[in-house]
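Okay, structure first, notes after.
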Amino acid sequence: MPELSRETERTRAAAPFGLAEVTGPSMVPTLRHGDQLLVRYGARVRAGDVVVLRHPFQQDLLVVKRAVERRAGGWWVLGDNAYAGGDSTDYGAVPDELILGRVRFRYRPLGPDQRSPLALVRWALSAARPVPADRSASRRLRAR
């Protein structure tokens, strides 16, 4: 995820929404590398929501994960791709002050291989979508 600039930090209080870009495979299949996200800063987080947070050990790095469960010390966050890692199984619960906002919407840019008329129609029908919460995420956590 891209780093927030100081200018972005100042304008966040005035504008509750911001944009972020997904890098890496940790949220596949929900989000893919290159997806653009509309983030609601300061939004109330509930179990199952996809959130943007500052990495607990490298706070200039922004991370997109699913808030799975409220625990002592903060939120337990996991990626939707269990094989990618880089979530609370590595760094524990994330304190509330590191959770920046909730992902509301994603836009998937047109790929270079999507040039046929059928591919363009499929892209147009699926390019922009809300990012729903997965309320069953906490049940999956207990099953692991």
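No hydrogens, no waters, no symmetry mates; every other heavy atom, side chains included, goes into these values.
For the atom pair CD1 of I99 and OH of Y41, the computed distance is 13.0 Å after rounding to the nearest 0.5 Å. To the nearest 0.5 Å, atom CG of residue L100 and atom CZ of residue R40 are 14.0 Å apart. With values rounded to the nearest 0.5 angstrom, D90 atom CG is found 8.5 Å from F57 atom CZ. In this structure, CZ in F17 is found 6.0 Å from CG in L38, a value given to the nearest 0.5 Å. Between the CZ atom in R32 and the CZ atom in R106 there is a gap of 7.0 Å [rounded to 0.5 Å]. Taken to the nearest 0.5 Å, the CH2 atom of W123 stands 9.5 Å off from the CZ atom of R115.
A salt bridge links D35 with R108: at least one charged nitrogen is closer than 4.0 Å to a carboxylate oxygen. By the 4.0 Å N-to-carboxylate-O rule, R66 lies too far from D49 to be salt-bridged with it.
Remark: side-chain polar atoms of S116 are paired, donor with acceptor, to backbone N or O of A119 under 3.5 angstrom. Distance alone, capped at 3.5 Å, is enough to place a donor-acceptor pair between the S88 side chain and the V77 backbone. Side-chain atoms of H33 come within 3.5 Å of backbone N or O of G24 as a donor-acceptor pair.
Judged by distance alone, the side chains of T30 and D80 do bring a donor and an acceptor atom under 3.5 Å apart.
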Can L78 and T89 be said to form a side-chain contact (heavy atoms from CB on, under 4.5 Å), step by step?
CA-CA 8 Å; L78 295 174; T89 56; 4.0 Å; yes
Residue pair V94, W76: steps toward the side-chain contact (heavy atoms from CB on, under 4.5 Å) verdict:
CA-CA 6 Å; V94 177; W76 192 262; over 6 Å; no
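A pairwise comparison of heavy atoms in A93 and A72 identifies CB-O, 4.0 Å as the closest pair. Taking both residues in full, the closest heavy atoms of R122 and S126 are given as O-OG, 3.1 Å, listed atom of the first, atom of the second, then distance. Between Y91 and G86, the shortest heavy-atom distance links the atoms OH-O, 3.4 Å. For G85 against S26, the heavy-atom pair with the smallest separation is O-CB, 4.3 Å.
Residues L98 and P95 are in side-chain contact: their nearest non-hydrogen atoms beyond the backbone lie under 4.5 Å apart. With a 4.5 Å cut-off on side-chain heavy atoms, W75 and D96 count as touching. Counting heavy atoms from C-beta outward, R54 and L61 have side chains that stay 4.5 Å or more apart. Side-chain contact check for V64 versus L37: some heavy-atom pair is nearer than 4.5 Å.
Residue Y83 places its OH atom among 12 or fewer non-hydrogen atoms of other residues, nucleotides or ligands, all under 6.0 Å distant. Heavy atoms of other residues, nucleotides or ligands lying less than 6.0 angstrom from CZ of R44 number 12 at most.
In this structure, L31 is not a member of the same hydrophobic cluster as Y107, with clusters built from ILVMFWY side-chain heavy atoms closer than 4.5 Å.
Applying side chain to side chain contact (heavy atoms under 4.5 Å, CB included) to V50 and the options M27, R102, K65 leaves one that passes, M27.
Hydrophobic cluster membership of L125, counting Ile, Leu, Val, Met, Phe, Trp and Tyr whose side-chain heavy atoms lie under 4.5 Å apart directly or via other members: V121.
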